[in-house]
Amino acid sequence: MPNLDDFHAFQSTSGNSGSGGGSGKGFGCGWVVIVVVVVMILFFVVQGTSWAALETLLALGIIAFFFARLLFR
């Protein structure tokens, strides 16, 4: 049976505890893109734009979301 005391001591001092910012979880800066796209969709719907315009906005929003996650991680 291995002694895990050294492993736990290393994990507590290495700064890689898996919690807090920068742990690789969540959307990061993607929330900004999500909010902007939702607001734009609301304005598009109120103005009565076509379905093609809404589909294009959603497609570009998804691309922008993944791009923001890639850049700001």
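In this chain, residues are counted from 1 in sequence order.
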What about L60 and F43, same hydrophobic cluster or not, with Ile/Leu/Val/Met/Phe/Trp/Tyr joined at side-chain heavy-atom distances under 4.5 Å?
no

If we only count heavy atoms from C-beta on, is the L70 to F66 side-chain gap below 4.5 Å?
no

Joint cluster assignment, I63 & L58, ILVMFWY side-chain distance < 4.5 Å
no

With side chain to side chain contact (heavy atoms under 4.5 Å, CB included) as the test, pick out the partner of I41 among V39, V38, V45.
V45

In terms of heavy-atom contacts, G61 and V33 come closest through O-CG1, 3.7 Å

Would a hydrophobic clustering, with Ile, Leu, Val, Met, Phe, Trp and Tyr connected at side-chain separations under 4.5 Å, put I34 with V36?
yes

Return a table of donor-acceptor pairs under 3.5 angstrom between the side chains of residues 48-57 and protein atoms on other chains or two or more places apart.
unit_1: T49; atom_1: OG1; unit_2: F44; atom_2: O; d: 3.2
unit_1: S50; atom_1: OG; unit_2: A53; atom_2: N; d: 3.4
unit_1: T56; atom_1: OG1; unit_2: A52; atom_2: O; d: 2.8

